[in-house]
Protein chains: 2
Amino acid sequence: MARRRGNPLALAVLALLFERPMHPYEMASTMRARRKEESIKLNYGSLYSVVDGLTKHGLIEAVGVLREGRRPERTVYELTEPGRLELFDWLSELVSTPAREYTSFEAGLSLLPVLLPEEAVRLLEERVLRLEQQLHMDEALWEVTAKQGLPRLLLIEWEYKRMLRRAELDWVRGLVDELREGAFEGLDYWRIWHERCSAGLEPPGLEAAGYGAANSAGSTGGDDPEAPAT
Amino acid sequence: MARRRGNPLALAVLALLFERPMHPYEMASTMRARRKEESIKLNYGSLYSVVDGLTKHGLIEAVGVLREGRRPERTVYELTEPGRLELFDWLSELVSTPAREYTSFEAGLSLLPVLLPEEAVRLLEERVLRLEQQLHMDEALWEVTAKQGLPRLLLIEWEYKRMLRRAELDWVRGLVDELREGAFEGLDYWRIWHERCSAGLEPPGLEAAGYGAANSAGSTGGDDPEAPAT
DNA sequence: CAGCGATCACCCGTCCCCGAGTATTCGCCG
DNA sequence: CGGCGAATACTCGGGGACGGGTGATCGCTG
């Protein structure tokens, strides 16, 4: 009871069994055929352990074992009533409630000062190129798939993903421009900070670049980013 | 050697030690003070295991144990030369190369047909509300923080995140509008499909709503004009 | 100075994820 | 018909993440 909602793959399993009973391998093939592996991480190891977990929690159950020809056995599962409820509840949560998530680019950005400004620009430009490539591939693939006659509904997550990529692309382009033209405030501070760290010295406080009174006058009272703190 | 680049928290550790030697607990406090825990998942369990791993791989090393007053011991670590290289290399990769990542909203969208159209609209509207709230909170927090005098550079990941949220918000609003006004193609197909699944029947193929024959027939296998390049 | 909460600093058991491996069978080409 | 590669269907062991402890100390209050 009160199971931890971890791997979205488990949700996908519930959703597939909502359509009809299946055996695990068929779930995987179906997801592949529908291109759902692009939005839900799928690999066999996880799939089988996830199916086990769901079984243990009574959300699905094995309804039999088939043996077609002399192929290996295939255990077929179906959705239980608790499973159906969990499916709707979980899916509702995913759709209605934005979850705090961490992307690696975000992580990279948040550590950007570690690189030299020139280096950062170079890498961001590389990212722009890669994003453009991916967008083109996405669009090509999407056209092919769409022409197979699939309704928008079944590819809606692709629209979302493409829209996000385009937004990111624009943003990164803008950032690169600002950096290139020196329009980015604090470039001087960045360089100084970096130099001192590389030399093994204490990094400078914020005053060094004219950002005065950061932590000197506790105006906002609360905590204090960039505390020298010793 | 050839370690697996997993947890970005390890990268954060390297980046912090690039500034100066620290003990793990101090790394955590520093990340908190700089609001980096918003972009890099941090918890103590992971932190200590990550530090262990880095030590084992020779990327950082313990330089001593302090005992201030009679407080518990604090093991202080510093960056090694291989560690410095790994830091730049890894960070470069994160910045320059978009990584295939999975968000839970994407997962939710890709399973949307499981819900009824009306239900989906309701949940998406809830999402819009929540996103608006988060945006407002973000902006408030950002203003406070920015007014402490921090340069843009140190908060650049916030700009990125806010921009993504705004983009998502717009997109979801658009989707809701289309659905509300029935401008979304395939609404009828959606409803029929759902009804039949709920009734425990075989779901209809795509012809049911005028979408030409795709893969609805028995062939679950060898489709796809897809040449995925990983 | 006794008591109490907050902070400091770390560790550990559990769960879960994942990639690589295995064994069988089918299709196909010469 | 024999051999090779692709597909089928699943298994397993290592490893990493994560949350919830565990002391010990500091500071404050009455």
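Just so we're on the same page: letters track the sequence lines, and every chain starts at 1.
Going from atom OH of Y48(B) over to atom P of dC11(C) covers 7 Å, rounded to whole Å. Nucleotide dC12(D) holds its P atom 16 Å from the CG atom of L47(A), rounded to whole Å. At whole-Å resolution of the value, CZ in R5(B) and P in dG16(D) are 15 Å apart. Separating the CZ atom of R74(A) from the P atom of dT25(C) is a distance of 14 Å, rounded to the nearest angstrom. Look at CG on D52(B): it is 16 Å from P on dC18(D), rounded to the nearest Å. We find that CD of E37(B) is positioned 14 Å from P of dC18(D), with the value rounded to whole Å. If you take CE of M22(B) and C1' of dC8(C), they are 16 Å apart, rounded to a whole angstrom.
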Encode nucleotides 13-22 of chain C as B, S and - characters from 5' to 3', where the letter depends on protein heavy atoms closer than 4.0 Å: B to the base, S only to sugar-phosphate, - to neither. ---SSBB---
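A cation-pi contact, defined as under 6.0 Å to the ring centre and within 45° of the axis, links R162(A) to W142(A).
Legend: residues meeting side-chain hydrogen bond (donor to acceptor under 3.5 Å, both in side chains) with E61(A), ordered by chain and number and at least two apart, are absent. Partners of R166(A) under the side-chain hydrogen bond (donor to acceptor under 3.5 Å, both in side chains) rule, at least two apart in sequence or in another chain, do not exist in this structure.
T75(B) comes within 4.0 angstrom of the backbone, heavy atoms only, and of no base.
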Between Y102(A) and E38(B), is a side chain to side chain donor-acceptor pair (under 3.5 Å) present by the stated rule, with each step listed? CA-CA 8 Å; Y102(A) 304 85; E38(B) 296 286 319; over 6 Å; no
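Judged by distance alone, with hydrogens and angles left aside, the side-chain atoms of S39(B) form no donor-acceptor pair with the main-chain N or O of S110(A) at under 3.5 Å. Although no hydrogens or angles enter the test, the distance criterion places a donor-acceptor pair under 3.5 Å between the side chain of S29(A) and the main chain of Y25(A).
Phosphate contact (OP1/OP2 of dC10(D), side-chain N/O of Y25(A), threshold under 4.0 Å): absent.
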